[in-house]
Amino acid sequence: MKYFVVFFFLIVSSSAFSQVLAPVQKVSGTIINDNTKFPLANVNIININKVKGTITNDKGYFEIEVTANDTLHISTLGFQSLKIKVTNDWVKTKSTTIQLTEKAYALDEIIIRPYNLTGYLEVDSKLIPIKENYRYSISGLTQGYEAGEYSPNAFGKVMGSIFNPADMLYNFFGKRPKELKRLKEMKKDDTVRNLLESKFDRETISVLLGVDKNEIAQILERCNYSESFVKTANDLQILDAISSCYEEYKILKRK
């Protein structure tokens with residue numbers, strides 16, 4: 001009887017373990033315009049759970065590694081972004097067709113620069129204004145803090161975040177340990193890196209971190225990055241800033 005109990009326990013444990021570690025499989029798909037039914041090339045597909053990405057070829061075709069119930073984020077310029085879950089049926093059939101809907105307005109925001117470039121370095125270097133976004137170095141920490149405009153208030157914000165890290169950062173960092181642990185992984189995949197480097201809308205970052213776009217701006221302000229940086233940096237630079245701030249938060253939390 002004792003051996004039967006042990007044997008039964010091993011079977012149940014192995015069954016549960018196999019369910020937790022679902023096998024990684026490769027699925028494929030074709031992305032088309034839901035209006036014209038034509039295939040869409042260069043569409044970005046990111047597996048949010050595994051932080052792996054790929055893009056469609058000129059026939060709208062793609063392949064990506066998944067496990068059942070992973071979530072894929074699909075986006076391209078001029079079309080509504082889409083989040084879909086990998087179903088067991090898709091894993092079994094290995095292929096599916098996904099339709100994207102065109103946006104009513106492809107351009108949500110246009111930034112007009114306050115100066116016009118001529119293409120001549122000597123002239124353009126005089127036209128472009130120099131922005132002084134100061135960073136303060138705190139003794140004992142390896143990284144500095146960007147405080148924005150040079151003013152007493154800017155320095156006060158820096159010191160406030162140093163001496164009150166829990167009040168400033170816990171609501172953001174403390175509730176998302178799993179997502180933030182994947183920050184370094186997000187930059188390892190070339191497709192994800194290239195996509196973030198070319199985007200300025202914070203959509204992909206908000207999806208990967210599971211946060212609202214407004215929260216991204218708020219946390220960078222609390223980490224004392226200037227308003228100019230928050231507005232003009234690309235998504236990869238924003239990801240680096242959040243990652244840097246998170247590492248500093250962990251150091252301060254341990255102390």
Side-chain angles (χ1 to χ4, degrees), residues 18-109 176 178-213 216 233-240 242-243:
S18 63
Q19 290 178 4
V20 173
L21 296 178
V24 176
Q25 303 184 53
K26 185 172 286 188
V27 297
S28 64
T30 302
I31 299 181
I32 63 173
N33 184 323
D34 73 339
N35 183 31
T36 64
K37 308 304 179 185
F38 290 157
L40 295 173
N42 299 317
V43 177
N44 295 283
I45 303 99
I46 295 180
N47 185 328
I48 298 173
N49 301 81
K50 294 179 174 53
V51 200
K52 299 289 184 180
T54 187
I55 60 175
T56 58
N57 61 17
D58 57 354
K59 296 181 179 180
Y61 179 82
F62 72 92
E63 291 183 346
I64 192 168
E65 290 186 349
V66 300
T67 56
N69 297 318
D70 280 354
T71 299
L72 304 184
H73 181 256
I74 302 172
S75 63
T76 190
L77 184 64
F79 288 80
Q80 298 286 350
S81 297
L82 186 66
K83 284 171 65 176
I84 60 174
K85 183 156 287 189
V86 178
T87 62
N88 287 315
D89 289 340
W90 188 2
V91 173
K92 290 177 182 177
T93 59
K94 300 296 184 183
S95 184
T96 191
T97 299
I98 301 168
Q99 302 184 47
L100 291 186
T101 304
E102 290 185 68
K103 287 183 179 180
Y105 299 99
L107 295 178
D108 295 326
E109 181 179 358
R176 299 175 178 85
K178 292 182 180 179
E179 289 83 355
L180 291 163
K181 284 180 180 178
R182 297 186 303 165
L183 279 169
K184 293 181 180 179
E185 297 178 23
M186 294 179 191
K187 296 186 291 183
K188 292 180 181 178
D189 187 275
D190 288 340
T191 303
V192 176
R193 281 184 55 87
N194 293 337
L195 174 60
L196 293 176
E197 192 173 15
S198 65
K199 297 192 73 174
F200 293 80
D201 60 6
R202 317 301 184 231
E203 178 187 334
T204 306
I205 294 181
S206 66
V207 169
L208 290 172
L209 293 180
V211 299
D212 186 81
K213 293 181 183 180
I216 294 174
N234 64 41
D235 284 2
L236 184 59
Q237 292 171 319
I238 293 293
L239 181 65
D240 283 334
I242 294 176
S243 179

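Keep in mind the model is a prediction, meaning the values are calculated, not measured.
Under the 3.5 Å distance criterion, the side-chain polar atoms of Asn234 are left unmatched by any main-chain donor or acceptor of Ser198. Not one N or O on the side chain of Asp189 forms a donor-acceptor pair closer than 3.5 Å with the backbone of Val51. Of the possible polar contacts, none joining the Thr30 side chain to the Tyr61 backbone as a donor-acceptor pair under 3.5 Å is found.
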Just do the side chain to side chain contact (heavy atoms under 4.5 Å, CB included) check on Trp90 and Val66 with the steps written out, would you?
CA-CA 10 Å; Trp90 188 2; Val66 300; over 6 Å; no

Does Arg193 form a side chain to side chain contact (heavy atoms under 4.5 Å, CB included) with Lys188? I'd like the steps, not just the answer.
CA-CA 7 Å; Arg193 281 184 55 87; Lys188 292 180 181 178; over 6 Å; no

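The two atoms that bring Ile46 and Thr204 nearest to each other are CD1-CG2, 3.7 Å, heavy atoms only. The two residues Thr191 and Gly53 come nearest to each other via the heavy atoms OG1-O, 3.4 Å. Of all heavy-atom pairs between Leu100 and Val43, the closest is CD1-CG1, 4.1 Å.
Once rounded to the nearest 0.5 Å, the distance linking OG1 of Thr76 with CD1 of Ile45 reads 9.0 Å. Atom CG of Asn194 and atom CG of Leu196 lie 9.0 Å apart (nearest 0.5 Å). The OG1 atom of Thr101 sits 8.5 Å away from atom CZ of Phe79, with the distance rounded to the nearest 0.5 Å. The CD1 atom of Ile64 lies 11.5 Å from the OG1 atom of Thr56; values are rounded to the nearest 0.5 Å. Taken from CG in Leu77 to NZ in Lys103, the straight-line distance is 7.5 Å, to the nearest 0.5 Å. Atom-to-atom distance recorded for Glu197:CD and Gln237:CD is 8.0 Å, nearest 0.5 angstrom.
Listed by chain and number, the residues in a salt bridge (charged side-chain N to carboxylate O under 4.0 Å, His left out) with Lys50 are Asp70 (sequence neighbours excluded). Evaluation of the side chain to side chain contact (heavy atoms under 4.5 Å, CB included) rule for Ser95 yields Ser28 as partners, not counting sequence neighbours. Residues that satisfy the side chain to side chain contact (heavy atoms under 4.5 Å, CB included) test with Asn35, not counting sequence neighbours, are Asn33, Glu102. Listed by chain and number, the residues in a salt bridge (charged side-chain N to carboxylate O under 4.0 Å, His left out) with Lys187 are Asp240 (sequence neighbours excluded). Annotation: side-chain hydrogen bond (donor to acceptor under 3.5 Å, both in side chains) contacts of Glu203 (sequence neighbours excluded): His73, Ser81. For Asp201, the salt bridge (charged side-chain N to carboxylate O under 4.0 Å, His left out) partners two or more places apart in sequence, or in a different chain, are Lys199.
Atom NZ of Lys85 has 12 or fewer heavy atoms from other residues, nucleotides or ligands within 6.0 Å. More than 12 non-hydrogen atoms from other residues, nucleotides or ligands lie less than 6.0 angstrom from NZ of Lys213. Atom NZ of Lys26 has 12 or fewer heavy atoms from other residues, nucleotides or ligands within 6.0 Å.
Residues Val91 and Val86 have side chains in contact (heavy-atom distance under 4.5 Å, counting atoms from C-beta outward). Side-chain atoms of Leu208 and Leu239, non-hydrogen and from C-beta on, never get closer than 4.5 Å to each other. Residues Val211 and Ile216 meet the side-chain proximity criterion, which asks for heavy atoms closer than 4.5 Å. Annotation: side chain of Phe62 is in contact with side chain of Ile98 (closest heavy-atom distance under 4.5 Å). With a 4.5 Å cut-off on side-chain heavy atoms, Ile242 and Ile238 count as touching.
Checking Asn44 against Ser75 by side-chain atom types alone, no donor-acceptor pair falls below 3.5 Å.
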